[in-house]
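All heavy atoms count here, side chains included; hydrogens, waters and symmetry mates do not. Just so you know, these numbers come straight off a predicted model, no measurement behind them.
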Amino acid sequence: MVIINLKQLMVKKSAQGKRRIYYKDISEATGITISTLSRIANEPKHNISKDHIEKLCAYFGVTPDELMTIIPDPPEK
């Protein structure tokens with residue numbers, strides 16, 4: 001399973017900029033809708049596009065490795 005670290009990156013950017021970052025801020029900067037950002041952050045099985053990955057990496061100044069974490073699926077029984 002791939003986890004998108006959007007919330008963690010928002011907290012980190014908020015701390016660095018000394019002001020809270022909202023989905024609205026990211027949406028205005030990237031063109032990704034607020035509802036899509038919410039799904040990316042809150043639905044682990046949401047299918048994120050390469051375009052959105054690229055835009056989020058550019059916005060946060062991170063690599064895809066920092067944006068995403070891969071957690072192996074549990075073995076099937």
Side-chain angles (χ1 to χ4, degrees):
M1 177 182 340
V2 176
I3 304 295
I4 306 297
N5 302 315
L6 183 58
K7 290 181 182 179
Q8 294 89 334
L9 290 171
M10 290 173 69
V11 169
K12 184 177 178 181
K13 188 170 181 90
S14 293
Q16 291 171 342
K18 297 191 179 7
R19 75 172 198 79
R20 188 161 179 194
I21 302 296
Y22 295 93
Y23 292 148
K24 179 181 176 193
D25 301 316
I26 301 169
S27 178
E28 289 173 354
T30 63
I32 302 170
T33 65
I34 293 171
S35 61
T36 298
L37 290 168
S38 179
R39 280 194 302 274
I40 290 169
N42 296 306
E43 296 177 16
K45 301 236 181 211
H46 178 72
N47 191 8
I48 184 172
S49 72
K50 289 188 288 184
D51 183 51
H52 289 164
I53 292 170
E54 185 177 345
K55 288 178 179 182
L56 290 171
C57 285
Y59 177 78
F60 288 107
V62 298
T63 65
D65 285 346
E66 295 167 295
L67 177 66
M68 299 178 282
T69 303
I70 297 177
I71 299 173
D73 290 330
E76 293 185 27
K77 293 181 179 183

task = Check whether any side-chain N or O of Glu54 sits under 3.5 Å from a backbone N or O of Asp51 as a donor-acceptor pair, and report yes or no.
result = no

message = Is it the case that the side chain of Thr30 and the backbone of Leu56 share a donor-acceptor pair, with hydrogens and angles ignored and the cut-off at 3.5 Å?
response = no

key: Partner set under side-chain hydrogen bond (donor to acceptor under 3.5 Å, both in side chains) for Arg39, not counting sequence neighbours   = Thr36

ask   = Residues in side-chain hydrogen bond (donor to acceptor under 3.5 Å, both in side chains) with Asn42, at least two apart?
value = Lys7, Ser38

request  = Provide the closest heavy-atom pair for Pro64 versus Cys57 in the form atom of the first, atom of the second, distance.
outcome  = N-SG, 3.6 Å

message = To check you understand the geometry: which heavy-atom pair defines the closest contact between Pro44 and Ile3, and what is its length?
response = CB-CD1, 4.3 Å

Cluster check [X], [Y]: I/L/V/M/F/W/Y, side chain < 4.5 angstrom:
| X | Y | value |
| --- | --- | --- |
| Ile34 | Tyr22 | no |
| Met10 | Val2 | yes |
| Val11 | Ile40 | no |
| Ile70 | Leu6 | yes |

[X] versus [Y]: any side-chain heavy-atom pair under 4.5 Å?
| X | Y | result |
| --- | --- | --- |
| Met68 | Ile53 | yes |
| Tyr23 | Ile32 | no |
| Arg19 | Asp25 | yes |
| Glu66 | Asn5 | no |

inquiry  = Would you say NZ of Lys13 has more than 12 non-hydrogen atoms from neighbouring residues, nucleotides or ligands within 6.0 angstrom?
reply    = yes

message = Just verifying a value: how many Å separate Gln16 CD and Ile21 CD1, rounded to the nearest 0.5 Å?
response = 9.5 Å

query = Rounded to the nearest 0.5 Å, what separation is found between the CD1 atom of Ile48 and the NZ atom of Lys55?
reply = 11.0 Å

query = Is there any salt bridge (Lys or Arg N to Asp or Glu O under 4.0 Å) pair reaching into residues 41-50, and which pairs are they, with sequence neighbours excluded?
reply = none

